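In what follows, a structure is listed as structure tokens, so that the remarks can point back to it.
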Amino acid sequence: MGTPILDTSHSPHVRLHTVPLPAVRLAEEAFWTPLRRANVENGLPRLHAVLEEHGHMDNFRRLRGKAVARQGPLYTDSDLYKWIEAAAYVLQTEDRPDLRALVDADIADIAAVQEDSGYLNTFYVQERAGERYTHLEHSHEMYCAGHLMQGAVAYARTTGDDTLLQVACRFADHLDSVFGPGKNGTTDGHPEVELALIELYRQTRERRYLDLAAFFLSRPQSHA
């Protein structure tokens, strides 16, 4: 039947629970039906083509040796992760081998460039590696990490393939090694990683992810 977008099925204090996406069916004459069809059949494929055209995927491939310059703003990684999450929700409700093939190819490119430390970001690398976590008011590093986690959780719940989930967990482990009580006490200027860590905990039951989310939520956000 699938898993809800936010899985609160094991949360003892939650009184209202969401339902899995396949549990909802839209009537053919419903307002959202043609809009959803247009999104699935045209929107998602076209958006992926735009990500390719604007270098989002090449930003990962260049780290494997492709001779291209990094393109786009520093937060472009998150755009790809959001697309993967959206694709996962579609795949939860219908079988689309063409869409899954696109996601699997993207995941392979992403996983191939994760550093041994678990860090993964196509902007703060090479000549910018020394700037990591020094501009948290606007660097979007943990913002990108959060969208990676949410995309990974959605895809693992949909397909059972945990390749991207393992990437997300290694990044979360890295964050846990850097931030927390007695470590780096700052947090990202853009909220996102907190929700993502909570959902990653719900998927993996790794308590450290929940504790790190609580730590970030207890801290004042960085501001420019």
Side-chain angles (χ1 to χ4, degrees), residues 1-26 32 36 39 75 77-94 100 103 107 110-111 114 118 120 136 140-222:
M1 179 59 76
T3 306
I5 294 175
L6 296 179
D7 184 10
T8 59
S9 57
H10 298 289
S11 303
H13 302 293
V14 173
R15 303 184 66 178
L16 297 176
H17 296 274
T18 53
V19 299
L21 292 177
V24 178
R25 288 285 183 267
L26 296 177
W32 290 109
R36 181 186 180 280
N39 176 61
Y75 49 77
D77 294 1
S78 69
D79 294 336
L80 176 62
Y81 302 148
K82 295 169 193 174
W83 183 89
I84 290 175
E85 183 179 6
Y89 296 146
V90 169
L91 292 171
Q92 223 185 100
T93 58
E94 59 183 283
R100 178 161 183 178
V103 178
I107 290 174
I110 293 166
Q114 185 171 32
L120 177 59
L136 284 173
H140 286 69
E141 287 169 273
M142 283 191 274
Y143 173 80
C144 290
H147 279 296
L148 167 63
M149 294 172 198
Q150 289 183 294
V153 168
Y155 199 62
R157 287 174 176 171
T158 295
T159 66
D161 184 339
D162 70 349
T163 303
L164 192 61
L165 184 67
Q166 292 304 315
V167 171
C169 287
R170 286 192 292 272
F171 203 162
D173 292 341
H174 165 75
L175 290 176
D176 185 58
S177 74
V178 175
F179 297 90
K183 308 171 199 174
N184 189 326
T186 54
T187 188
D188 204 86
H190 195 310
E192 163 58 25
V193 73
E194 301 86 354
L195 172 64
L197 282 165
I198 292 170
E199 208 59 31
L200 190 63
Y201 158 74
R202 288 169 173 160
Q203 180 68 18
T204 65
R205 312 309 293 178
E206 174 53 68
R207 178 74 194 198
R208 289 183 297 110
Y209 303 154
L210 185 63
D211 291 342
L212 185 58
F215 175 79
F216 286 143
L217 288 169
S218 72
R219 312 300 296 177
Q221 283 184 311
S222 302

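Here the structure is a predicted model, which means the values were calculated and not measured.
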**OP:** Begin with the C-alpha distance, continue with both residues' side-chain angles, and end with the deciding distance and a verdict on side-chain contact (heavy atoms from CB on, under 4.5 Å) for F216 and M142.
**Re:** CA-CA 11 Å; F216 286 143; M142 283 191 274; 3.4 Å; yes
Original post:
Does a salt bridge link K82 with E85, judged by any charged N lying under 4.0 Å from a carboxylate O?
Top reply: no
Side-chain polar contacts of residues 144-156 - donor-acceptor pairs under 3.5 angstrom, sequence neighbours left out - could you list them?
from: H147; atom 1: NE2; to: Y143; atom 2: OH; distance (Å): 3.4
from: Y155; atom 1: OH; to: R100; atom 2: NE; distance (Å): 3.3
from: Y155; atom 1: OH; to: D104; atom 2: OD1; distance (Å): 2.6

Original post:
Nearest 0.5 Å, what's the NE2-CG distance between H140 and L136?
Top reply: 11.5 Å
Subject >> Taking every non-hydrogen atom, the tightest pair across I5 and E199 >> reply: O-OE2, 3.6 Å
Original post:
Going by heavy atoms in the side chains, are R219 and T186 under 4.5 Å from each other?
Top reply: no
Original post:
Nearest heavy-atom pair of P191 and G189: which atoms, and what distance?
Top reply: CD-O, 4.0 Å
**OP:** Check whether any side-chain heavy atom of R202 sits under 4.5 Å from a side-chain heavy atom of T3, and report yes or no.
**Re:** no
Subject >> CG-CD1 distance between L217 and I198, expressed to the nearest 0.5 angstrom >> reply: 6.0 Å
Subject >> Validation row: L80, I110 side chains within 4.5 angstrom (heavy atoms) >> reply: yes
Original post:
Do Y209 and C169 have side-chain heavy atoms sitting under 4.5 Å apart?
Top reply: yes
Original post:
Which pair of heavy atoms, one from R25 and one from P22, lies closest together, and at what distance?
Top reply: NH1-O, 2.8 Å
**OP:** Taking T18 for its side chain and L6 for its backbone only, find out whether a donor-acceptor pair lies under 3.5 Å.
**Re:** yes
**OP:** Walk me through it: do F179 and V193 pass the test side-chain contact (heavy atoms from CB on, under 4.5 Å)?
**Re:** CA-CA 12 Å; F179 297 90; V193 73; over 6 Å; no
**OP:** For V90 and E94, run side-chain contact (heavy atoms from CB on, under 4.5 Å): C-alpha distance rounded to whole Å, both residues' side-chain angles, the deciding distance at 0.1 Å, then the answer.
**Re:** CA-CA 6 Å; V90 169; E94 59 183 283; 4.1 Å; yes
Original post:
Residues two or more places apart in sequence or in another chain: which of them pass salt bridge (Lys or Arg N to Asp or Glu O under 4.0 Å) with D176?
Top reply: R208
**OP:** May I ask you to check whether Q203 and R157 show a side-chain donor-acceptor distance below 3.5 Å?
**Re:** yes
Subject >> T159 and V103, any side-chain heavy atoms less than 4.5 Å apart >> reply: no
Subject >> side-chain contact (heavy atoms from CB on, under 4.5 Å) partner of Y201, chosen from L212, D211, L210 >> reply: L210
Original post:
Does CZ in F215 sit with more than 12 non-hydrogen atoms of other residues, nucleotides or ligands closer than 6.0 Å?
Top reply: yes
Side-chain donor-acceptor contacts of residues 8-16 below 3.5 Å, not counting sequence neighbours, with atom names and distances?
from: T8; atom 1: OG1; to: H17; atom 2: ND1; distance (Å): 3.0
from: S9; atom 1: OG; to: D7; atom 2: OD1; distance (Å): 2.6

**OP:** Look up atom CG in N184 and atom CG in L175, then write down how far apart they are to the nearest 0.5 Å.
**Re:** 10.5 Å
Original post:
How many angstroms lie between OH in Y81 and CG in L120, if you round to the nearest 0.5 Å?
Top reply: 4.0 Å
